[in-house]
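Following: one structure in structure tokens, then a few remarks.
Since this is a predicted model, take the numbers as computed values, not measurements.
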Amino acid sequence: MGEIRVDTNNCVGCNACVRVCPVIDANIARTNEEGNLVIQVNSDKCIKCGACIKACSHNARSYTDDIDAFLSDLKAGKEIVLIAAPSIKIAFDGNWRHVLQWFRNQGIQKIYDVSYGADICTWAHIRYLQKNPNKKLISQPCAAVVNYVTKIRTELLPNLSPIHSPMLCLAVYIRKVLGYNGKIAAISPCIAKSDEFEDTKLIDYNVTMEHLRDYFEESNVILPEIRIYSEFEFDDNMGLEGAIYPRPGGLMSNLLIHMPDMEVITSEGTDHLYENLDLYLEQKESDLPQVFDVLSCQDGCNGGPATGVDYHCFAMNNIMYNVEQHAKGIRKKKNKRGHDLQFMEFDKKLRLEDYIRSYHVSETKEAVITQADIEKSYQLLEKTTDREKHFDCHACGFKSCRDMAIALAKGINEKENCHQYMMNKNREERQKAESVNEKVTEMAADLISVFEQLSGNIQDVKGEADMIRDIGVHTSEEMSVVADHMNKLSRLNEGIKKSADHISSSIESYNVMTQDVEKIAGQINLLSLNAAIEAARAGEAGRGFAVVASNIRELSDSSKASVASAKKNDKGIKRAIGEITEVIQQFNETISELLQAVQEAITGVTQTSENGRIIQESMDHVFRLADDVKNVIEETNAILK
């Protein structure tokens, strides 16, 4: 079943679709999550006239038909006959026979001319009006008009022609007269035909000419050139003047051929037709024409929303003129002595009641909108004066502010879609902005003063940073000299320590020598004692030897005394050397700590110098930034003034 679809990614909320739509409730405006207005379709109210698709310049609207199901069933080998609307001559100008021949080549056995169904439609109207001479009819070949009456204006149903459309008349003929019970596919220029086929169950597929053209392009189906002859001919009978049905006033022209005195007027196009249908309800029955011939599309079915072409009226009229002249030539040959042989044939084999349609009303329950509801909408739109309530700029897509207020009351639109409302809001925001700008200007002046002071402070900080950096560099150099002297002192201290160690080593050697002397003195003393004993034994002879022994003992005692004194001095020297060594060790540790402190000082001074450099660079950046901010503020003030 065909329907109008919306690609929300392409919809920009321009309201072009709302503006051309003949049904006030058929579109619903909503703000999406991104804050953009998107116009959705209310399928319960949409009559599928296709005006919105033509009006949309953003490719946000499209439609569906039955082409995919039809081609799938055709490939599956299902039995299908094809009927082609006469507007195929417009959609495939000069090439339409090749299109229908292609279908024959795909397995379609029978292809019928809807123009013949249009001739039946004319016959049925004539016979019905003859039986009901006081009846006032609104023509119904246009499925969008039927949708409008059955969905929106059910009050018009008593006047809606009960005669089937040309397509359905042909479908009835195929089933009732030819006895065909299989599926029927219609090549049509109309989206709304899907509803007609769904409602009557007489035709199974609505294959639009535009989508058929798209299929040929996508499938690389190359049709023969226009100038190449095609042997294609319709099965059964071809239509006569019914071939001009798709042009504006086509039904009227056909009716007047048979009943020249019939009062018929026409109306085409969404801009006027639906207003005229509403106006139709206001007329007295006696003031209405016998037939009101209406088509939703301005150029009739030839300009249908699903033809896939956009010819100007002169080109379409030229094609239809040639078709009409051809039909007149055939009729002239068939008619004899003023008798309409075609109608005589219809009278013999057709039953009028077979071509009468019953309509199914699909009107949805209308929300009752009171004047109080409309006034509430005006309040939401901030329309308080009579002038504001009749601003009627049409930017919202509606013809009046009242219509917009009704849509708002029905919940199918939003106040942000009102141009006047948004203008007022913008004006209020602009006034707020101007007030804020005045405060900003004052603050900007204060800010400039602060930045000027900040710039001066930054210059001072920058100078201090330069000084810190210079002092740091100088101090770093001086500390390096101190470190050199301390290193020399440390090396001198190492020399003293080595000398002290050498003295200590010499004293140790001297101590060993003293011990050796002490041992020798002891041995001498022992020898002198032995010598004295031997001298005593020798008597007078050993007296001289005893003297010598006594002298040796005195020398031994003197050596012991010297050794004792040397030991005493050795202990003092060792204690003094130990104290010196301890002092040297403390001095060495102090020198090491001092060197470490100096090194840390050098590192700190170096870091201070580096920090000074970083501070200087940061101050330069802040100074430039402050200068930029000052310039921006001055430029802003200039703009605000």
Side-chain angles (χ1 to χ4, degrees), residues 1-7 9-10 48 50 53-54 56-115 167 182-194 197 203-235 246 297 299 301-312 315-316 319 323:
M1 186 174 178
E3 62 180 359
I4 305 293
R5 290 184 172 178
V6 178
D7 184 345
N9 293 324
N10 289 344
K48 300 178 184 176
I53 296 176
K54 287 187 173 183
C56 182
S57 59
H58 304 285
N59 296 319
R61 297 224 168 181
S62 60
Y63 66 90
T64 61
D65 64 2
D66 303 312
I67 187 170
D68 292 336
F70 163 65
L71 292 174
S72 176
D73 288 349
L74 179 60
K75 291 178 181 178
K78 291 186 179 180
E79 184 182 8
I80 304 173
V81 300
L82 190 67
I83 64 175
S87 54
I88 193 173
K89 298 177 177 67
I90 298 292
F92 294 92
D93 181 24
N95 220 15
W96 64 273
R97 290 181 181 274
H98 297 299
V99 172
L100 297 179
Q101 183 60 48
W102 181 85
F103 279 110
R104 280 207 194 282
N105 298 338
Q106 305 308 307
I108 296 290
Q109 297 298 317
K110 299 291 184 179
I111 302 178
Y112 299 100
D113 182 13
V114 172
S115 298
M167 281 191 170
K183 291 182 177 293
I184 300 176
I187 299 179
S188 84
C190 182
I191 302 169
K193 282 295 179 184
S194 295
F197 301 163
I203 297 177
D204 302 282
Y205 312 96
N206 181 33
V207 181
T208 61
M209 297 169 185
E210 181 180 24
H211 286 181
L212 180 58
R213 183 187 300 277
D214 293 340
Y215 172 78
F216 285 163
E217 292 179 359
E218 293 169 2
S219 303
N220 199 29
V221 175
I222 307 300
L223 298 174
E225 296 181 9
I226 294 175
R227 65 176 182 270
I228 297 177
Y229 172 77
S230 173
E231 61 183 8
F232 172 82
E233 292 292 345
F234 284 109
D235 294 290
C297 296
D299 296 313
C301 299
N302 290 329
T307 57
V309 295
D310 190 21
Y311 291 146
H312 55 75
M316 287 189 288
I319 295 171
V323 170

Can you list the steps and then say if D73 with I80 is a side chain to side chain contact (heavy atoms under 4.5 Å, CB included)? CA-CA 8 Å; D73 288 349; I80 304 173; 4.0 Å; yes
For I111 and F234: C-alpha separation, side-chain torsions, deciding distance, then whether side chain to side chain contact (heavy atoms under 4.5 Å, CB included) applies. CA-CA 6 Å; I111 302 178; F234 284 109; 4.1 Å; yes
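Ring pair F232/W96 is perpendicular by interplanar angle, where above 60° counts as perpendicular and below 30° as parallel.
At least one donor-acceptor pair closer than 3.5 Å links the side chain of N10 to the backbone N or O of N59. The main-chain N or O of C190 is found under 3.5 Å from a side-chain atom of S188 such that the two form a donor-acceptor pair. Side-chain atoms of T64 come within 3.5 Å of backbone atoms of E3 as a donor-acceptor pair (strictly under, hydrogens ignored).
In this structure, R61 and I4 approach most closely via the heavy-atom pair CD-CG2, 4.3 Å. Taking both residues in full, the closest heavy atoms of I203 and I184 are given as CG2-O, 3.5 Å, listed atom of the first, atom of the second, then distance. Taking every heavy atom of both residues into account, I83 and M167 meet most closely at CD1-O, 4.0 Å. Taking all atoms of both residues into account, the shortest heavy-atom contact from I67 to H211 is CD1-O, 3.5 Å. Nearest heavy atoms, S87 versus C301: CB-O, 3.9 Å. The two residues N206 and I191 make their nearest non-hydrogen contact at ND2-O, 3.8 Å.
In this structure D235 satisfies the salt bridge (charged side-chain N to carboxylate O under 4.0 Å, His left out) test together with R104, sequence neighbours excluded. Residues that satisfy the side chain to side chain donor-acceptor pair (under 3.5 Å) test with S115, not counting sequence neighbours, are D113. Among residues two or more places apart in sequence or in another chain, the side chain to side chain donor-acceptor pair (under 3.5 Å) test is passed with T208 by Y63, D65.
In this structure, CD1 on I88 lies 12.0 Å from CG on N302, to the nearest 0.5 angstrom. How far CE of M209 is from CG of D214: 13.5 Å, rounded to the nearest 0.5 Å. Atom CD of residue E79 and atom CD1 of residue I108 lie 10.0 Å apart, to the nearest 0.5 angstrom. Atom-to-atom distance recorded for K193:NZ and K48:NZ is 13.5 Å, nearest 0.5 angstrom. Expressed to the nearest 0.5 Å, how far CG of D66 lies from CZ of F197 amounts to 8.5 Å. Note that CG of L82 is 6.5 Å distant from CG of L100, once rounded to the nearest 0.5 Å.
With contacts defined as side-chain heavy-atom distances shorter than 4.5 Å, the pair V99/L212 qualifies. Proximity of F92 to I187: side-chain heavy atoms (C-beta onward) are nowhere separated by under 4.5 Å.
Q106 CD: more than 12 foreign heavy atoms inside a 6.0 Å radius. Shown here is K110, whose NZ atom has no more than 12 heavy atoms of other residues, nucleotides or ligands within 6.0 Å.
Ion pairing of R97 with E231 is absent here, as no side-chain N (NZ or NE/NH1/NH2) approaches a carboxylate O to less than 4.0 Å.
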